[in-house]
*Asks:* 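Take this structure, written in C-alpha cells, and hold onto it; I'll ask about it next.
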Amino acid sequence: MEASTATTAERISVRRRVGVAVGVLAAAVLLVLGLLPSFTSPYIVSLFFLLYMFITLSAGWNMFSGYTGYINFGYTAFLGVGAYGMAVLITRYHFPWIVAIPTASGLAAAFALIVGLPLLRIRGVYFAIAMLSLATVVGILASTRFLAPVTKGGVGIPMLSGMSLTMQYYVMGLIALATVLATYAIANSRFGLRLLSVREDELAAQVMGIHTGTVKLAAFALSALFGGAAGAVQAAFLSYIEPASVFNINYTVRPIVMALFGGQGTVFGPVLGAVVFTFVAEIIWSRFLALHLAIFGALLILLVLGMPQGVIPWLQRRSFLPKTRKL
Amino acid sequence: MDQFLLVVEVVLRGLFLGMLYALLASGLSMVFGVMRVVNFAHGEFLMLGGFLAYFLWSLGHVNPLLTIVIVMPVMFVAGMVVQRLLVERVVGKPVLSSLLLTFGISIVLMNLAQYFFTTNLRGIPYMGEPAQLLGASYARYTLLSFGIGGVLGTVLFSFLRFTSWGKAIRATSQNAEVAMACGIDVRRVRMVSFAVGAALAGAAGVLAAITSAVYPAIGSIIILRAFAVVVLGGLGSIGGALLGALLIGVAESAGTFYLSAEVGQIIAFVVLIMVLLVRPAGIFGARVEA
Amino acid sequence: MKRLLALVVLVLGILVLAGACSEAAPTPTSTPTAASTSTVETGKPIVIGAAVSQTGPYERAGLFMFRGYQLAVTTLNERGGIQERPLKLIVYDDQSDPATAVRLYQKLLTQDKVDILLGPYSSAVTNATAPIFEQAKMPTITAMGSDPRIWEGKSYRWTVQLIHSSRPYLVGSMELAAQHGAKTVALVYENTAFPIAMAEGIRDKAKELGMQIVLDEAYPKETTDFTPLASKAKAANADIFMGGGYFPASVGLTKATYAVNYKPVLMTWAVGPAEADYAKSVGDQALCVTGNSSWLPQTMTQGYITDNQTFVQRYKDLWHEDPGYHAAGGFGTVELLAQTLEASLKAKGAVDNEFIRNFLFTTETDTIFGHYKVVADGPNAGLQTGMIPFQIQWQKDSLGKMVQQVVHPEEYATAGPCFLR
C-alpha cells in the first residue's frame with residue numbers, strides 16, 4: 001500500500017520534471033524563432049514563413065476534419081477567399097494590413113458559415129467531393145466576369161500590403177501559434193468531445209442531445225477562419241494574386257498529407273507533419289527537379305499504406321507519448 | 001424551325017460530349033460500387049490510353065481506331081496491377097485513405113508521363129471531315145466516338161447483366177459481405193471491376209486523342225468533371241453515371257451556347273452541389289456511411 | 001510492427017537511392033554546357049542568378065529559356081568573359097509557382113549574394129517577383145513576361161521587359177484579313193492575364209480597322225470542349241475566328257471549327273501555331289491558320305554576342321533540335337545583360353546597379369531576339385515598345401507538305417497570306 005503511493009508520488013514528480021523540461025525547450029524554441037529575422041537571411045525567414053503557413057493550414061484543416069471525420073477536400077477555397085479578401089480590402093478600401101487580415105479571415109469564416117449550412121448535411125465521400133467541387137467552382141468564378149468587378153478576373157490583383165517580410169514572418173508565426181493553441185483548447189474542451197462524438201457516431205451523438213449541426217458548423221467556420229488568415233498573409237507575401245495561385249489543390253492536399261503524417265485529430269500531429277514535409281521538401285525536392293511530384297506521390301502512397309494513423313498516435317500506442325483522450 | 005434545329009444541334013453536341021464523360025464515369029462508378037474507393041487516378045488511365053494510342057499511331061502506324069483493340073487490354077492489365085498492388089490495400093479503410101492513395105497514384109503517373117512523354121500535346125488528326133446529320137454538321141470523329149461509346153456502353157451493360165462476372169460485380173456492389181457469403185470471390189471481383197474501369201478510361205483516352213489531343217495534365221482536369229457526373233448519377237450506380245454524363249454533357253453544351261463559356265464550365269459543379277443538397281447521395285445512389 | 005519497419009527501411013532506401021541517382025544524373029544546372037564548368041581563371045567571376053520553371057506547367061518553356069541563358073553564358077565565357085571577368089550562372093527551379101520564385105530570388109539576393117539577376121519564366125511569376133527586384137534595387141531584364149500590366153501604372157525603376165507586350169500579339173493577322181475584305185471578328189480567349197491583354201489589343205485594332213466584333217467571349221482555363229464556342233462563332237458568321245490562349249486551346253479550337261463546318265476567312269490563335277507540334281496534332285486543318293511568333297530562326301538579327309544564324313546553329317549542335325522563341329528570348333536577355341555589364345565595367349570598373357539601371361531604361365539596341373527599347377520613365381517605365389511580333393501561317397509547299405511561312409510584317413514575309421475563303 002505504502003509502496004504504491006510512493007510510486008504514484010514519484011510518477012507525479014517525474015511528470016512534473018518532464019513538463020518543466022518540455023516547457024523550457026518550448027520557450028527556447030520560441031525565443032530562437034522570435035529572434036530569427038535578426039540573425040538570418042530573408043531566404044531563411046521566408047522558408048520559416050512557409051513553414052508557419054503550412055502549420056496554420058494543416059492544423060486549421062485538422063481542427064474540423066481531423067476531429068469530425070468530415071473530409072474537407074476543398075480547404076483551398078477558404079485560403080482563396082482570405083487572400084482575395086485581403087487584396088480587395090487593401091487595394092480598393094485602403095485598409096491597413098493590421099485591420100485587413102482579421103477582416104479577411106472573418107470573411108472566410110462567414111463564407112464557411114454560408115456554404116457549410118447546406119453542405120454539412122452531406123456525408124462521407126459525398127462531402128469530400130462536394131467540397132472539392134466547391135473549391136473548383138469558386139476558383140473558376142473568381143476568374144469569370146460574374147466576380148470580376150471584385151476579383152479583377154483572370155487579370156489578378158497586384159497589391160502592396162505595406163508589410164515587410166519580417167512583419168509577414170511574425171504575423172504568420174502568430175497565426176500558426178494561435179491555430180495550434182486553439183486546437184489545444186478544443187481538444188481539451190467539451191466542444192472537442194462533441195466533435196469526436198460526431199466522428200465516432202453522429203447518430204448516437206444526436207440521440208444523446210448534441211446539436212451536431214451546430215457543432216460541425218462552428219468547427220467548420222473556425223477552421224475556415226485560420227485558413228483565411230493564412231491566405232490573407234500569403235497574399236501579402238505574393239504581392240500579386242490570381243485565381244490559379246490561391247485556389248490551388250496543393251493548398252488542400254499538402255496540409256492534409258501533413259496532418260495525416262503527424263496524426264489527424266491530434267494537437268501536434270499537423271505541426272510535426274508541417275515541419276517534416278516543409279523541410280524535407282525543401283531539401284529533397286530541390287535535388288529531384290523533374291520528378292519531385294512523382295516522389296511526393298510515392299511518399300504519399302507509402303504513408304497511406306504504411307502509417308495511416310500518423311506518427312503521433314503510433315508513438316502514443318507504444319506509450320512513447322502520453323495518450324490523449326478518446327471516446 | 002431553324003430555332004428548333006439549333007436546339008437539336010446543341011443537344012446532340014451535348015450528348016456527344018457526354019459519351020466521353022460516360023466512358024470515364026461508368027468505370028469510376030463501378031469501382032466505387034464494389035470497393036467504396038473514389039479513384040483520383042482514373043483520369044490518368046485516360047491520359048495513358050491516349051498516349052498509347054498516339055504512339056501506336058505515330059510510331060507503329062496503327063489505324064487510330066484499331067488502337068482501341070490494343071489500348072483496352074493493356075489498360076485492363078495495368079488496372080489489375082495497380083489494383084492488386086495498391087488500391088486493394090485501402091478497401092474498407094476510411095475515405096481519406098483511399099482519396100490520398102489514389103491522389104498519390106495520380107500525381108506519380110502524371111509526373112512520369114511528363115518526364116517520359118514531355119508536356120507536348122499529342123493529337124491524332126483523323127476523320128476530321130464534316131458529316132451532315134439533322135440539319136447540322138458534325139465531324140466524323142464525333143459521330144464515330146459516339147458510336148464507339150454506345151457500343152462499349154452496351155457491351156458493359158450486357159456484361160453486367162448477363163454474365164456471371166457481371167452478376168458477381170453487381171452483387172458485390174450491393175452488399176460485399178452477403179456476396180462473399182454466397183461464395184463470390186470479392187477480391188477478384190474488385191480487381192476485375194477496377195481493370196474494366198481502367199480499360200474503359202483507356203478507350204476514352206483514344207477518343208480524346210482523336211477528337212482533341214492528350215497531354216500529361218489532361219487527366220487531372222477531366223477527372224473533376226467525371227466526379228461531378230458520377231456523384232450526380234449516384235456513386236456506384238452505372239446507369240446513373242451514364243445518365244449523369246449525358247445530362248452534364250448537354251448542360252455544358254447548352255450553357256456555353258446559350259449563355260457563356262464561363263457558365264458552361266461552372267454548370268456541372270453547380271448542378272452537382274444542388275443535387276447533393278436535395279439528395280445527399282445523388283439521384284440513384286445508395287446512402288453511404290462515412 | 002515488422003511490416004512497418006520494413007516499410008520505413010524501404011522508404012529510406014528509395015530516398016538514398018534516388019539521392020544517389022540525382023547526384024549521378026546531370027541536373028540541368030550542371031550539364032557540361034553550363035557556365036560554371038567552363039569558367040575562365042582570370043578575374044573574379046560575375047555571379048548571375050535566376051529562378052526558372054523546370055517543373056510544373058511551365059517546365060518546357062522554362063527549360064528552353066534556361067538553355068538560352070546557358071548557351072549565351074557559355075559563349076561569353078569561351079571568349080574570356082566580360083572585361084576579363086568570367087560569368088557564373090546560378091539557377092534554381094521555381095516549380096512554376098510564383099510563391100516559390102519569390103523565395104528563390106530572396107535566396108539568390110541574400111544567401112548567394114549574386115551580382116546580378118536574370119528574370120523568371122511566365123507573366124504570373126514575373127508579376128510576383130518584380131516587387132522583389134524593385135525592393136532590392138536590382139536591375140533585372142525579364143525575358144518572358146509579356147503581360148503589359150506587370151509594368152503599366154507601376155512606375156518600376158529596376159525591371160525591364162524584353163519580349164513585346166501581349167497586346168499586339170495577333171493584330172498583324174487582322175491587318176492581312178482586312179486587306180482581304182474581312183469585316184467581322186469572333187473573339188474567344190482564355191480568361192487569364194495574358195490572353196485578356198491580347199484581347200484588348202484585338203478590340204483596339206478592330207476599332208482602328210473599322211471591323212465589328214460579333215462575338216467577344218472569355219472561357220475558363222478548365223475548358224476542354226470547344227465545339228459550342230465554334231458553333232457560336234459560326235452562328236455569328238464572323239469573318240475572322242481568333243484569340244485562344246495556350247496550346248491545347250489552339251488545337252481544340254481548330255478541330256472544333258472544322259467539326260461544326262465553319263469556314264471563316266482566317267483563323268488565328270495566340271500560342272500553338274508557331275510550334276511544329278501544332279500541325280502534327282491537327283493535320284491538314286492547320287492550313288492557312290496564322291499565329292504569333294515573337295522570333296524566327298531565319299531573320300537576320302544581330303546581337304551583342306552573335307548573330308541569329310550562329311545562335312540557331314550552336315543551339316542545334318548542342319541539343320539536336322531547332323530553338324524556339326523561348327530559347328532565343330533567353331539568349332537575347334543575356335546579350336542585353338552582357339552589353340550593360342560591359343558598359344558598367346568600362347565606366348565604373350564594377351557592376352554598378354544604378355549605372356546598369358540607367359543604361360537599360362534609356363538604351364535602344366538589338367539582340368538576336370529583336371529590337372529593344374523600353375519606356376524610359378513615367379507610370380509605364382520598363383515596358384518594351386520597340387519590338388514587332390511576326391505572324392506565321394501554315395501553308396502547303398510545292399510538294400504538298402505543310403510548312404510555316406512568315407506573312408507579316410511585310411518586310412520579313414516569306415510568302416503571301418492565304419485565306420480559307
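None of these values were measured; they are calculated from a predicted model. Letters go in sequence order (proteins before strands), and every chain restarts at 1.
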*Asks:* Compare every heavy atom of A/R145 with every heavy atom of B/E262, then report the nearest pair and how far apart it is.
*Replies:*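 Looking at all heavy atoms of both residues, the closest pair is OE1-N, 3.2 Å.
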*Asks:* Check whether A/L134 gets within reach of chain B through its side chain, its backbone, both or neither, counting any heavy atom under 4.5 Å.
*Replies:*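 Contact with chain B is through both the backbone and side chain of A/L134.
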*Asks:* Side chain to side chain contact (heavy atoms under 4.5 Å, CB included) for A/T144 and B/I266? Distances and angles first, verdict last.
*Replies:* CA-CA 10 Å; A/T144 62; B/I266 299 169; 4.2 Å; yes
*Asks:* Where on A/E202 is there a heavy atom nearer than 4.5 Å to chain B: the side chain, the backbone, both, or neither?
*Replies:*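 No part of it gets close to chain B.
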*Asks:* Could you check which of A/L141, A/V253, A/I140 has the highest count of heavy-atom pairs closer than 4.5 Å to chain B?
*Replies:*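 The residue among A/L141, A/V253, A/I140 with the greatest pair count is A/V253.
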*Asks:* Can you tell me which portion of A/S65 sits under 4.5 Å from chain B's heavy atoms? Options are side chain, backbone, both or neither.
*Replies:*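 For A/S65, neither part sits under 4.5 Å from chain B.
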*Asks:* Minimum heavy-atom separation for A/L305 and B/V90, please, with both atom names.
*Replies:*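 Closest approach of A/L305 to B/V90: CD2-CG1, 4.1 Å.
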*Asks:* So for B/F116, is it side chain, backbone, both, or neither that comes closer than 4.5 Å to the heavy atoms of chain A?
*Replies:*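 Answer is neither: B/F116 stays 4.5 Å or more from chain A.
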*Asks:* By a 4.5 Å heavy-atom criterion (distance strictly below it), what part of B/I273 contacts chain A: side chain, backbone, both, or neither?
*Replies:*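 Side chain only.
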*Asks:* Measuring only between side-chain heavy atoms, which start at C-beta, is A/L119 closer than 4.5 Å to B/L277?
*Replies:*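 Yes, their side chains come closer than 4.5 Å.
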*Asks:* What verdict does the side chain to side chain contact (heavy atoms under 4.5 Å, CB included) test give for A/F127 and B/L276, after you've listed the backbone C-alpha separation in whole Å, the side-chain angles of each residue and the deciding distance to 0.1 Å?
*Replies:* CA-CA 9 Å; A/F127 178 75; B/L276 283 183; over 6 Å; no
*Asks:* What verdict does the side chain to side chain contact (heavy atoms under 4.5 Å, CB included) test give for A/V125 and B/R36, after you've listed the backbone C-alpha separation in whole Å, the side-chain angles of each residue and the deciding distance to 0.1 Å?
*Replies:* CA-CA 9 Å; A/V125 71; B/R36 298 286 182 261; over 6 Å; no
*Asks:* So which atom in B/L99 and which in A/A128 form the shortest heavy-atom distance, rounded to 0.1 Å?
*Replies:*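 Between these two residues, the closest heavy atoms are CD1-CB, 3.8 Å.
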*Asks:* Any idea which heavy atoms bring B/V108 and A/A294 closest together, and the distance?
*Replies:*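 Smallest heavy-atom distance, with atoms named: CG2-O, 3.3 Å.
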*Asks:* Between B/L86 and A/I301, is there a side-chain heavy-atom distance shorter than 4.5 Å?
*Replies:*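 In short, these two side chains touch, coming nearer than 4.5 Å.
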*Asks:* Identify which part of B/L272 has an atom lying under 4.5 Å from any heavy atom of chain A, answering side chain, backbone, both or neither.
*Replies:*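 Interface part for B/L272: side chain.
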*Asks:* Run the ring-centre check on B/F103 versus A/F296 and record whether the distance is less than 6.0 Å.
*Replies:*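 No: the rings miss the under 6.0 Å criterion.
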*Asks:* Is chain B contacted by the side chain of A/Y70, its backbone, both, or neither, given a heavy-atom distance below 4.5 Å?
*Replies:*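 No part of A/Y70 comes within 4.5 Å of chain B.
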*Asks:* Tell me the closest heavy-atom pair linking B/L224 and A/L132, and the distance in Å.
*Replies:*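 Closest approach of B/L224 to A/L132, heavy atoms only: CD2-CD2, 3.6 Å.
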*Asks:* At a heavy-atom distance under 4.5 Å, which candidate from A/I256, A/L260, A/L300 has the highest pair count against chain B?
*Replies:*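 It is A/L300.
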*Asks:* Which heavy atom of A/Y126 sits nearest a heavy atom of B/G234, and at what distance?
*Replies:*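 Heavy-atom minimum between the residues: OH-C, 4.0 Å.
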*Asks:* So which of B/A228, B/S106, B/S97 has the biggest tally of heavy-atom pairs under 4.5 Å with chain A?
*Replies:*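 If we count pairs closer than 4.5 Å to chain A, B/S97 comes out on top.
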